[in-house]
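Report on the following structure.
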Amino acid sequence: MNSFLRMILNIFLWPKKRRSKSRLVSKDGRCNIEFGNVEEQSRLAFLADIWTTILDLRWRYKMTIFISAFLGSWFLFGLLWYAVAYLHKDLPEFNPPINHTPCVENINGLTSSFLFSLETQVTIGYGFRCVTEQCGMAIFLLIIQSILGVIINSFMCGAILAKISRPKKRGKTITFSKYAVISKRAGKLCLLIRVANLRKSLLIGGHIYGKLMKTTVTPEGETIILDQVNIEFIVDAGNENLFFVSPLTIYHVIDKTSPFFEMSSDTLMQHEFELVVFLDGTVEATSATCQVRTSYTPDEVLWGYRFAPIVSKTKEGKYRIDFSNFSKTVEVNTPHCAFCLYNEKEARAKANKGYDNPSFVLSEQNEPNDTKM
């Protein structure tokens with residue numbers, strides 16, 4: 001009965017708890033930020049940098065602009081071709097004489113003008129409709145539409161190709177562990193995170209670092225929201241030029257300079273912070289710079305756990321990675337806090353040391369010999 005009630009409470013209350021906790025960076029790396037009261041001059045800057053604006057658009061808006069640009073240009077030049085035929089009296093309603101040479105052959109109305117505009121801009125060239133040398137206006141309009149068509153094709157096709165090949169999509173194949181864990185590593189209390197590359201192609205020149213986002217109050221009484229504190233992550237070989245051929249466990253040493261030093265297993269959930277982890281690197285296939293990010297809140301940091309093993313070696317001599325254990329954790333004995341660990345080390349170090357007392361004098365006494373023969 002108790003388990004049933006707990007399940008009902010989790011169903012109805014857990015989503016509310018989830019919604020109440022806002023985070024700056026989602027687990028998949030998207031930033032939860034909104035700009036308000038932006039000046040009009042700043043908004044016009046988006047049009048000045050139209051290329052970046054087009055690249056940042058969502059696919060549905062980009063495809064709408066793509067289709068509208070082509071259809072709009074075809075219809076606009078179709079109207080212009082219709083106007084040329086109308087001014088030159090080439091249309092059937094003007095009853096042109098038999099020896100009349102039109103500006104464009106076989107344009108009989110607005111529909112045929114639109115078809116000729118489409119054929120001209122996409123260079124189909126069916127051969128049924130064509131421009132004659134009768135009027136220079138038609139030749140000039142043909143040149144303008146051809147040049148404008150090349151510009152539209154280059155811009156729109158380039159924008160779609162650039163969006164498809166953006167390194168942002170490469171980041172989808174870099175995954176972080178669902179939880180961060182705190183346990184001892186090499187005799188030190190560390191915060192550990194696991195990261196993996198799902199592709200066989202490497203991420204060159206990898207560099208990993210973190211930012212602790214929290215609200216702080218300065219001695220002057222100023223409240224700083226989203227105050228950033230640098231968090232240094234390392235692996236055994238450093239934090240730069242990572243050999244990303246297999247999943248790596250990165251760790252942050254919780255020493256006296258770490259913002260986690262004052263936290264403990266009991267007070268961890270009482271702190272409000274967000275740990276944002278970044279991984280920068282160069283995509284091997286395209287040489288483009290890529291950044292992957294994720295974040296961890298206090299309820300996603302497990303104190304007293306370590307990650308389960310993930311790499312094994314088969315009989316054939318190959319290394320096998322079991323991703324079913326990627327985010328799996330194992331409970332281990334861990335100090336209550338970093339301060340406790342350092343105090344324990346200092347106590348052991350003092351116990352192993354000897355201290356000389358210069359005022360101590362060793363005196364020897366001869367015991368009387370009471371043995372009788």
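Just so it is clear, the structure is predicted and the values come from calculations on it, not from any experiment.
- Judged by distance alone, with hydrogens and angles left aside, the side-chain atoms of Ser327 form no donor-acceptor pair with the main-chain N or O of Ser177 at under 3.5 Å.
- Side-chain contact between Ile164 and Trp59: present, with at least one pair of heavy atoms (C-beta onward) separated by less than 4.5 Å.
- If you take CD1 on Ile152 and CZ on Phe66, they are separated by 10.5 Å, rounding to the nearest 0.5 Å.
- The local environment of CD1 in Ile225 is sparse, with at most 12 non-hydrogen atoms from other residues, nucleotides or ligands closer than 6.0 Å.
- Cluster membership for Ile151 and Leu76, using ILVMFWY side-chain heavy atoms within less than 4.5 angstrom, is not shared.
- How far OG1 of Thr267 is from CH2 of Trp303: 7.0 Å, rounded to the nearest 0.5 Å.
- The side chain to side chain donor-acceptor pair (under 3.5 Å) with Asp280 is formed by just one residue from the set His207, Gln291, Arg293; it is Gln291.
- For the residue pair Arg129 and Asn106, the shortest heavy atom distance occurs at NE-O, 3.3 Å.
- Hydrophobic clustering (side-chain heavy atoms under 4.5 Å, transitive across Ile, Leu, Val, Met, Phe, Trp, Tyr) groups Leu226 together with Val25.
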Requested in this report: For Phe94 and Tyr86, run ring pair (Phe, Tyr, Trp, His ring centres under 6.0 Å): C-alpha distance rounded to whole Å, both residues' side-chain angles, the deciding distance at 0.1 Å, then the answer.
Outcome: CA-CA 9 Å; Phe94 292 107; Tyr86 183 86; 5.3 Å; yes
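- The backbone N or O of Gly109 lies less than 3.5 Å from a partner atom in the side chain of Ser112, making a donor-acceptor pair.
- Heavy-atom minimum distance, Asp90 versus Pro96: O-CG, 4.4 Å.
- Residues Gly149 and Gln121 come closest through the heavy atom pair CA-CG, 3.7 Å.
- Following chains of ILVMFWY side-chain contacts shorter than 4.5 Å, one can reach Ile107 starting from Phe140, so the two form part of one hydrophobic cluster.
- Atoms CD1 and CG, on Ile182 and Leu302 in that order, are 9.0 Å from each other to the nearest 0.5 Å.
- Note that the CG atom of Leu212 and the OG atom of Ser258 stand 8.5 Å from one another [nearest 0.5 Å].
- Centroid-to-centroid, the aromatic rings of Phe77 and Phe116 stay 6.0 Å apart or farther.
- In summary, of the residues considered (Ile208, Leu275, Thr249), a side chain to side chain contact (heavy atoms under 4.5 Å, CB included) with Ile193 occurs for Leu275 alone.
- For the pair Lys178 and Tyr296, the NZ or CZ position fails the cation-pi test of under 6.0 Å to the six-membered ring centre and within 45 degrees of the ring normal.
- At distances below 3.5 Å, not a single donor-acceptor pair connects side-chain atoms of His252 with backbone N or O atoms of Phe233.
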Report task. Step by step, work out the side chain to side chain donor-acceptor pair (under 3.5 Å) result for Arg23 and Ser295. Result -> CA-CA 8 Å; Arg23 57 198 308 161; Ser295 69; 2.9 Å; yes
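- Around CE of Met137, the count of heavy atoms belonging to other residues, nucleotides or ligands within 6.0 Å does not exceed 12.
- Ile50 and Leu148 fall within a single hydrophobic cluster, where Ile, Leu, Val, Met, Phe, Trp and Tyr side chains are chained together by heavy-atom contacts under 4.5 Å.
- In terms of modelled atom types and a separation under 3.5 Å, the side chain of Lys214 and the main chain of Glu272 share no donor-acceptor contact.
- The shortest side-chain heavy-atom distance between Phe273 and Leu268 falls under the 4.5 Å cut-off.
- Counting non-hydrogen atoms of neighbouring residues, nucleotides and ligands closer than 6.0 angstrom, the CG atom of Asp266 exceeds 12 such neighbours.
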Report task. Evaluate the criterion side-chain contact (heavy atoms from CB on, under 4.5 Å) for residue pair Val104 and Tyr82; output intermediate values, then yes/no. Result -> CA-CA 10 Å; Val104 181; Tyr82 180 81; over 6 Å; no
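- In this structure the side chain of Val150 never reaches within 4.5 angstrom of the side chain of Ser146, judged on heavy atoms.
- Annotation for His100 and Lys89: closest pair NE2-O, 3.7 Å, computed over non-hydrogen atoms.
- Within a 6.0 Å sphere centred on CD of Glu133, heavy atoms belonging to other residues, nucleotides or ligands number 12 at most.
- When only modelled atom types and interatomic distance are considered, Glu284 and Ser201 share no side-chain donor-acceptor pair under 3.5 Å.
- Transitive grouping of hydrophobic side chains (ILVMFWY, heavy atoms separated by less than 4.5 Å) brings Ile67 and Leu118 into a common cluster.
- Here the OG-CD1 distance, from Ser324 to Ile310, works out to 8.0 Å after rounding to the nearest 0.5 Å.
- The main-chain N or O of Tyr305 is found under 3.5 Å from a side-chain atom of Ser183 such that the two form a donor-acceptor pair.
- With hydrogens and angles ignored, the 3.5 Å screen pairs no side-chain donor or acceptor of Lys184 with any backbone N or O of Thr334.
- Looking at Thr175, its side chain never comes within 3.5 Å of a backbone N or O of Ala196 through a donor-acceptor pair.
- Judged by distance alone, the side chain of Arg320 and the main-chain N or O of Ser312 form no donor-acceptor pair under 3.5 Å.
- Put simply, the side chain of Lys163 gets close to the backbone of Leu57: a donor and an acceptor are under 3.5 Å apart.
- Pro309 and Asn325 make their closest contact through O-ND2, 3.4 Å (heavy atoms, listed as atom of the first residue, atom of the second, distance).
- The closest side-chain donor-acceptor pair between Thr297 and Asp299 falls under 3.5 angstrom.
- Counting non-hydrogen atoms of neighbouring residues, nucleotides and ligands closer than 6.0 angstrom, the OH atom of Tyr179 reaches no more than 12 such neighbours.
- Within the model, atoms OG1 of Thr282 and CG of Leu203 stand 7.0 Å from one another, a figure rounded to the nearest 0.5 Å.
- Nearest approach of Ala338 to Phe261, heavy atoms of both residues: CB-CD1, 3.6 Å.
- For the residue pair Gln145/Ser117, the side-chain donor-acceptor check at 3.5 Å is satisfied.
- Surrounding CZ of Phe323 are more than 12 heavy atoms belonging to other residues, nucleotides or ligands, all under 6.0 Å away.
- Between the side chain of Thr132 and the backbone N or O of Cys103, at least one donor-acceptor pair lies under 3.5 Å.
- Within 6.0 Å of CZ in Phe70 there are more than 12 heavy atoms belonging to other residues, nucleotides or ligands.
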